Structure formats: C-alpha cells, structure tokens
Undergrad: 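Below is the structure I would like to discuss, written out as structure tokens.
These numbers come from the heavy atoms of this one structure, side chains and all, not from hydrogens, waters or symmetry mates. Everything numeric here is computed off the predicted structure, so don't read it as measured data.
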Amino acid sequence: MNECVPSNIPLEDTGFGYTLSLINGKYKMIIMYWLYEHKSVMRFNELQRSIGSISFRTLSNTLKEMERDQLILRKEYPQIPPKVEYRLSERGLSLIPLLDMMCEWGERNRSISK
C-alpha cells in the first residue's frame, strides 16, 4: 500500500485517493452493483425502486456525477414520456473486481465484529 499512498503526498493526489473520489458517496457503489447485476441496462425508475431509500434528486445527481466520471453510460431516447437508460461503461466495469474483493472481505470479516 505504501507505493499507492506515499507519506509525502496528500491522499487526494494518489491513485488511492483518485479511486476513492470515484466511488465515494452513499449510493455510487450500490448503483454500480445494481447495474452490474442486471447485466444490461436499467431505467431511472428501476434503479430508484431497486435502491429503495434514495430520493429522485439524489439519484439524479449521483448518476450525473457517475456519467461525468465515465463510470456509466446514459442513453436518452427522443420520445414522450422521455426514456433514459443507464449501464456501466468499460471504465465502470473495470471497478467490479475491486467491489467483489470488498464483498469477499466483508463476508470473511463481518462475523468477527458480531
């Protein structure tokens, strides 16, 4: 880990800090999880229903951030009512092994803290 977070550089200027900035936030990893689980695309309302506890505004802002960071792709269809679909980009998919490792770690260690 020392290579990734040298002691003489601010955390935000390291690869570790950059990665954290992309997945930081209450819902980003959850959104990535649902998009990955569906293996294709999800519409806004599907995501909102899947997450459950997220407001329209929070989901909208989080999706915009993730699109800006090139973690997801957004496709809008010119129709009424508007139809918008989201899916993981190649860049977003490249983070899935990291999320899988976090999941495995949690499964191995959650019984320790109980």
Undergrad: Excluding sequence neighbours, so at least two apart, what forms side chain to side chain contact (heavy atoms under 4.5 Å, CB included) with R43?
TA: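 In terms of side chain to side chain contact (heavy atoms under 4.5 Å, CB included), with neighbours along the sequence ignored, R43 is linked to E46, K83, E85.
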
Undergrad: Might you confirm whether atom CZ of R57 has over 12 heavy atoms from other residues, nucleotides or ligands at distances under 6.0 Å?
TA: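 Not more than 12 within 6.0 Å, no.
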
Undergrad: Would the number of heavy atoms belonging to other residues, nucleotides or ligands and lying under 6.0 Å from CD of Q79 be above 12?
TA: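 Above 12, so yes.
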
Undergrad: Run the side chain to side chain contact (heavy atoms under 4.5 Å, CB included) check on Y27 and L59 step by step: do they pass?
TA: CA-CA 8 Å; Y27 295 104; L59 180 56; over 6 Å; no

Undergrad: Are Y33 and E37 close enough, and set up right, to give a side chain to side chain contact (heavy atoms under 4.5 Å, CB included), and what steps lead you there?
TA: CA-CA 6 Å; Y33 166 82; E37 281 296 304; 3.4 Å; yes

Undergrad: Got a sec: does the CZ of R74 have more than 12 other heavy atoms crowding it under 6.0 Å?
TA: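 Yes.
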
Undergrad: Show, in sequence, the C-alpha distance, side-chain angles and deciding distance for L63 and V84, and conclude whether the side chain to side chain contact (heavy atoms under 4.5 Å, CB included) test is met.
TA: CA-CA 11 Å; L63 290 169; V84 180; over 6 Å; no

Undergrad: How close do K28 and M66 get, counting heavy atoms only, and between which atoms?
TA: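 In terms of heavy atoms, the two residues are closest at O-CE, 3.7 Å.
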
Undergrad: Shortest non-hydrogen contact from L88 to M32?
TA: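 Nearest pair, atom of L88 first, then M32: CD1-O, 3.9 Å.
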
Undergrad: Would a single hydrophobic cluster contain both L73 and M29, if residues Ile, Leu, Val, Met, Phe, Trp and Tyr are joined by side-chain heavy-atom contacts under 4.5 Å?
TA: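 No, M29 does not connect to L73 through the hydrophobic network.
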
Undergrad: Could you go step by step and tell me if E107 and E104 meet the side chain to side chain contact (heavy atoms under 4.5 Å, CB included) rule?
TA: CA-CA 5 Å; E107 290 298 323; E104 290 169 14; 5.7 Å; no

Undergrad: I need the minimum non-hydrogen distance between L35 and Y86, along with the two atoms involved.
TA: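 For L35 versus Y86, the nearest heavy atoms are CD2-O, 3.5 Å.
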
Undergrad: Counting only heavy atoms not in K39 (residues, nucleotides, ligands), do more than 12 fall under 6.0 Å from its NZ?
TA: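 Check passes, neighbour count above 12.
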
